[in-house]
Amino acid sequence: MNFHDLSLPKEISELRLLLGDQLNARHSWFKTKDSNIVYIIAEVREEASYAKHHIQKICAFFKAMETFAQALKKAKHQVIYLTLDDTAEYESFQQLLDYLIAQLKPKAFSYQQPDEYRLNNQLQSWSEQASLPVECVSSEHFLIEQEAIGQYLEKDQQWRLEFFYRRLRKEQKVLMEGDQPVGDQWNYDKENRVSLPKDWQPPKPLLFKNNIGEIRQRIEKHRINTIGSQDGDQLIWPCNRRESLRLLDYFCKELLPFFGTYQDAMSDDEWSIYHSRISFSLNTKMLHPMEVIRKVEAAYFKENAVTIAQAEGFIRQILGWREFIRAVYWQSQPNYEKKNYFNAQTKLPEFFWSGDTQMRCMSKAIGQSLTHAYAHHIQRLMITGNFCLIAGIDPFEVHEWYLGIYIDALEWVEAPNTLSMSQFADGGKLASKPYSCGGNYIHKMSDHCKSCHYSVTKKHGEGSCPFNSLYWHFLDRHEPLLGKNHRLSMIYRNWQKRKPEEKKEIIRTAEHYLNNLDNL
Ligand code: FAD
Ligand code: DLZ
């Protein structure tokens with residue numbers, strides 16, 4: 001590593017670390033320019049390999065980090081950007097920091113609080129034995145400061161979105177008229193569950209062309225293990241604030257008017273429908289959640305461009321779910337990733353890495369995840385997640401897959417969605433019942449079933465939709481754990497009312513599928 005040609009100050013008063021998901025140009029750190037403060041942004045092997053990341057995800061993070069460093073330099077801040085070439089011999093952030101501090105001899109060191117438990121602990125223990133004063137500051141991104149999370153979610157209670165969301169709506173004064181929600185209703189979810197009409201074409205997703213040729217070469221040179229594909233050297237994801245704002249703008253103009261209506265819809269021909277695809281921009285902090293919320297609010301109040309159902313439906317995702325999920329993450333530590341309420345032990349089937357399955361909904365959801373590093377929420381929850389849940393896949397394996405494959409996957413948001421919401425691995429702290437379903441729901445919300453190898457109307461036997469029998473097998477085998485759940489009582493009654501012969505056939509079919517998961 002050669003710092004000589006960087007024209008660094010002779011005396012560095014403070015060295016400040018910026019992580020790959022801390023690209024917030026409006027952080028108070030940048031309000032003043034001080035040539036004695038040096039920022040460090042680094043491509044680090046450990047971060048690129050703690051999960052088997054999608055190639056597009058690593059490219060997007062590195063490109064966004066590089067572009068952010070350039071923007072800071074242009075704004076006359078002192079920045080050191082280190083590539084994988086520079087950091088190859090350092091196995092972790094701590095080792096790299098020790099080296100940098102020895103070389104640059106700053107008087108103090110500071111970092112923004114990491115969103116991940118793992119990295120937060122690593123930096124905390126490193127700072128306790130560091131040879132200089134170390135300060136950890138807020139990332140100024142979330143609507144609830146980390147220390148205040150316990151005031152919103154108490155560790156030993158059940159956690160429900162609705163109370164949390166209403167409280168934040170009031171506190172942040174979002175979609176409120178005085179003390180009352182606009183439209184006298186807090187939640188418009190019931191109006192928002194429609195499948196796409198036949199021949200209906202949503203606008204095409206807005207794609208960018210970010211050149212990642214050199215980054216790809218570095219990833220290959222340093223043998224970073226990746227999954228998924230990247231077609232050529234142009235990355236479609238937004239890699240700077242300007243592109244992130246354009247994506248948000250496009251969403252508000254073209255997609256928001258139908259966001260809520262088709263939020264749960266899935267289609268053979270569309271990969272993002274009316275979804276915003278802003279999660280990467282939000283999670284890297286190129287966008288602030290409040291600016292997104294205020295823009296959507298304005299589309300309702302000022303521009304009269306959308307109905308309250310669409311505006312509320314979208315704002316609930318960001319003000320509600322995103323903040324709630326983060327609170328669940330911190331309140332579920334330590335050992336969150338080891339939770340396994342159903343003691344599910346099966347390995348993730350091979351087709352999760354190829355999309356090569358005859359279940360059309362699964363092949364579409366996994367296929368687009370591999371080609372675009374993206375699937376929308378219902379695909380993640382009710383297709384791939386639901387399959388893993390009812391097939392009894394080990395939740396840790398499911399967690400590792402989700403943590404790697406999506407462009408937006410960072411543990412603080414991925415783990416609660418995967419472990420608590422999708423796999424019910426915490427036994428219902430977040431969800432009042434497991435998110436599970438048979439083929440009927442998939443058929444209702446998509447056009448996948450009509451071209452599927454399996455028949456969604458067949459409940460058991462050869463060629464029947466695997467979701468149908470696996471769903472009942474799941475409920476049947478976990479009756480001791482779920483039978484008393486009042487939200488499932490009608491479903492269990494329906495199951496018990498079935499003829500013993502039919503039940504036997506369903507269980508037999510499910511067992512056949514469970515024994516042949518790799519061949520579905
Ligand atoms: P939109 O549908 O347009 O929603 C707008 C925004 O709302 C999103 O960008 C996101 O910031 C927020 N949001 C919506 N739902 C959630 C939610 N359940 N939790 C947190 N924020 C939400 N989201 C991630 O950002 N990273 C992940 O690693 C991730 N892993 C998931 C794993 C599983 C098993 C499931 C079921 C969901 C996961 N989600 C994750 C939540 C959600 O699926 C994605 O945020 C969303 O699909 C991103 O696409 P979008 O930007 O087009 O979202
Ligand atoms: C996701 C990611 C990747 C792939 N690479 C890096 C990296 O090389 N350097 C870095 O600072 N951050 C990276 N990140 C984002 C981090 O994983 C993220 O900052 C932590 O998980 C904390 O949320």
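Both counts, for ligands and for their atoms, begin at 1 and track the order of listing.
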A.B. asks: Any atom of ligand 1 sitting under 4.0 Å from a heavy atom of Y406?
C.D. replies: no

A.B. asks: For atom 18 (C) of ligand 2, which candidate among L84, D21, L17 provides the closest heavy atom?
C.D. replies: D21

A.B. asks: Nearest heavy atom to atom 23 (N) of ligand 1 wins, so pick from T384, V413, N386.
C.D. replies: V413

A.B. asks: For S279, is at least one N or O under 3.5 Å away from an N or O on ligand 1?
C.D. replies: yes

A.B. asks: Do V44 and ligand 2 have an N or O pair less than 3.5 Å apart?
C.D. replies: yes

A.B. asks: Taking non-hydrogen atoms only, is F259 closer than 4.0 angstrom to ligand 1 via side chain, backbone, both or neither?
C.D. replies: side chain

A.B. asks: Could a heavy atom of F314 be found less than 4.0 Å from some atom of ligand 1?
C.D. replies: yes

A.B. asks: Counting only heavy atoms closer than 4.0 Å, does ligand 1 sit against the backbone of L282, its side chain, both, or neither?
C.D. replies: side chain

A.B. asks: Just to check, does F324 reach to within less than 4.0 Å of ligand 1 when the distance is taken from its heavy atoms?
C.D. replies: no

A.B. asks: Given R380, R277, Q263, R326, which has its nearest heavy atom closest to atom 50 (P) of ligand 1?
C.D. replies: R277

A.B. asks: Would you check whether E47 has a nitrogen or oxygen atom less than 3.5 angstrom from a nitrogen or oxygen atom of ligand 2?
C.D. replies: yes

A.B. asks: Decide whether the shortest distance between a heavy atom of E46 and an atom of ligand 2 is less than 4.0 Å.
C.D. replies: no

A.B. asks: Say whether Y374 and ligand 1 are in contact under the criterion: heavy-atom distance to a ligand atom below 4.0 Å.
C.D. replies: yes

A.B. asks: Does ligand 2 have any atom sitting under 4.0 Å from a heavy atom of F93?
C.D. replies: yes

A.B. asks: List ligand 1 atoms under 4.0 Å from A375, heavy atoms only on the residue side.
C.D. replies: 47 (O)

A.B. asks: Just to be sure I read this right, does ligand 2 sit under 4.0 Å from the backbone of L19, its side chain, both, or neither, counting only heavy atoms?
C.D. replies: both

A.B. asks: Please check whether Y50 reaches ligand 2 - meaning an N/O of the residue sits under 3.5 Å from an N/O of the ligand, judged on distance alone.
C.D. replies: yes

A.B. asks: Spell out, as yes or no, whether a donor-acceptor pair under 3.5 Å connects the side chain of H222 to the backbone of I224.
C.D. replies: no

A.B. asks: Is there a polar contact between ligand 2 and A42, counting only N or O atoms under 3.5 Å apart?
C.D. replies: yes

A.B. asks: With atom 37 (C) of ligand 1 as the reference point, say which of I278, L419, N417 has the nearest heavy atom.
C.D. replies: N417

A.B. asks: Residue-level breakdown please: for Q22 versus ligand 2, do any non-hydrogen atoms fall below 4.0 Å on the side chain, on the backbone, on both, or on neither?
C.D. replies: neither

A.B. asks: How does F62 reach ligand 2, by side chain, by backbone, by both or by neither, if only non-hydrogen atoms under 4.0 Å count?
C.D. replies: side chain

A.B. asks: Heavy-atom contacts under 4.0 Å between E411 and ligand 2: side chain, backbone, both, or neither?
C.D. replies: neither

A.B. asks: Give yes or no for whether the N/O distance cutoff of 3.5 Å, strictly under, is met between E116 and ligand 2.
C.D. replies: yes

